[in-house]
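Just so we're on the same page: letters track the sequence lines, and every chain starts at 1.
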2 protein chains.
Amino acid sequence: MGKKIAGQPTIRRLPSYLKIIQQAHDEGQFFISGTIIAGELELEPIQVRKDLSITGIVGKPRIGYPTGELLKAIRRFLHWDITRRAAVVGAGHLGQAIIGNPEFARHGLDIRAAFDTDPRKIGTRVKGVEVLSMERLEEKTRELALELAVLTVPSAAAQETAEAVAAAGIRGIWNFTNVKLKLPDSVSVQQENLASGYAVLSVRMGYHRPRGRS
Amino acid sequence: MGKKIAGQPTIRRLPSYLKIIQQAHDEGQFFISGTIIAGELELEPIQVRKDLSITGIVGKPRIGYPTGELLKAIRRFLHWDITRRAAVVGAGHLGQAIIGNPEFARHGLDIRAAFDTDPRKIGTRVKGVEVLSMERLEEKTRELALELAVLTVPSAAAQETAEAVAAAGIRGIWNFTNVKLKLPDSVSVQQENLASGYAVLSVRMGYHRPRGRS
DNA sequence: TAGATTGTTAATCGATTAACAATC
DNA sequence: TAGATTGTTAATCGATTAACAATC
């Protein structure tokens, strides 16, 4: 019998659970029920129980799940218990937002360098992270043992840059461009398509019928 | 018989289709087949055909779908054929990234103002967009007829800020914080949880076994 | 014409939800 | 104890994929 496998929807919900459980833990609560977590996130309790079951942590009826063990197990499951040495490729606003967001650092994203083609940016620092020329990507990847790249370059440069990133030996790309990258399967790619979210919101909002003065 | 309804997965894929079809159209192609679109995005042709069917556009066997009509129909479906007057609330790097991204403007996101609490930012401009104090949110929402807010404040301020946004009369929030907002149902909220994407990538990458020198 | 592609109907697959005995 | 919550098994739901006749 193999390891229990979690579907992608489950994996995507785990970070929200982690946040709620962390808060409870910080407030000194030793247990939290699936019902409470579900209430906070407007999910069904059964869904939370099902999701949490993949961690292997067993809860106590009437009491809930032990917060400490659950935190540890979720972090382990997401591999957020190790640090991943990473680079931001494309040091624009989006790249700087990722560098400056402490949430990712807490979850093991250890950004060691940033790369850009803009001579005015090269040599500067963003929150202590040095911005380097793209020419130094391979050298720095080796030197710093980088394994992950946050790709925040303009779409027009995405494929070309991703190929350079892959050639440098990086094995995971968090892709914030809207370009479907063509790379060998040995590189893991996670596509963040912000336009998808905007599309969902737009459809949900529908057409506005402003209250006229007529 | 009612209007055909599209599931959220379909809606989320439409922007990618739009991009491919736009490229073909710009290259002067009058038709594009579902097979081609699927190939570009590494999807199944049947999935593309099924998704495109919600637009009501009919393709020609052997030829494909008419690019011009398809573009128009997808934009119509997503309501990307109208402009939505919007504000960025939280003028940090992420907010500035959204303001500076021309893709959203092309899809009708018309950012008219930015709001922040930082006195050093208030009064400045980001790509021509004025940064205003949060106190002026209600006034400006009325004056500019804003209907959408891009919420890019720190998590700690998310709920409070969202309430102010809702009170100002804005009816859609694109929420980039990791906070599940508690707001009346009259406000549409789209949650962008970046940590979810990072979780998926992390699980996919697994634990690294570096090639040792041993 | 021959055959690639469409649109529709049916089958499969996976995720969510329901039901309920076990239990703290 | 009584009853809220857990974990598991089964049912439902929705999305994806397969099959195939129609057709350009």
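Between A:R49 and A:D51 there is no salt bridge, since none of the side-chain N atoms of the basic residue sits less than 4.0 Å from a carboxylate O of the acidic one. The pair A:R84-A:E147 meets the salt-bridge criterion, with a side-chain N (NZ, NE, NH1 or NH2) lying under 4.0 Å from an Asp/Glu carboxylate O. Salt bridge annotation for A:E42-B:K180: present, with a cationic side-chain nitrogen under 4.0 angstrom from a carboxylate oxygen.
A donor and an acceptor atom, one from each side chain of B:E103 and A:N178, are located under 3.5 Å apart. Of the N and O atoms on the side chains of B:D81 and A:Y207, at least one donor lies less than 3.5 Å from an acceptor on the other residue. A donor atom on one side chain and an acceptor atom on the other are not found under 3.5 Å apart for A:E27 and A:Q23.
Between B:L52 atom CG and C:dT5 atom P the separation is 15 Å, expressed in whole Å. Between the P atom of C:dG14 and the CD1 atom of A:I11 lies a distance of 14 Å, rounded to the nearest Å.
Pair assignment for D:dA22: C:dT5, on the basis of Watson-Crick or G-U wobble contacts that are both within less than 3.5 Å.
For the pair A:S202 (side chain) and A:A199 (backbone), a donor-acceptor distance under 3.5 Å is absent.
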Summarise protein proximity over nucleotides 15-24 of chain D in one line of letters, 5' to 3': B for base, S for sugar-phosphate only, - for none, counting protein heavy atoms closer than 4.0 Å.
SSBBB---BB
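A 4.5 Å side-chain heavy-atom check between B:V88 and B:V129 finds every atom pair outside the cut-off.
A heavy atom closer than 4.0 Å to some atom of DNA chain C occurs in B:S33, B:G34, these being the qualifying members of residues 24-34 of chain B. Contacts between residues 64-75 of chain B and DNA chain D, counted as heavy-atom distances below 4.0 Å, involve no residue at all.
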As a quick check of understanding, evaluate ring pair (Phe, Tyr, Trp, His ring centres under 6.0 Å) for B:W174 and B:F104, giving each step before the final call.
CA-CA 12 Å; B:W174 195 6; B:F104 302 124; 5.2 Å; yes
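B:E192 and A:L194 make their closest contact through OE1-CD2, 4.3 Å (heavy atoms, listed as atom of the first residue, atom of the second, distance).
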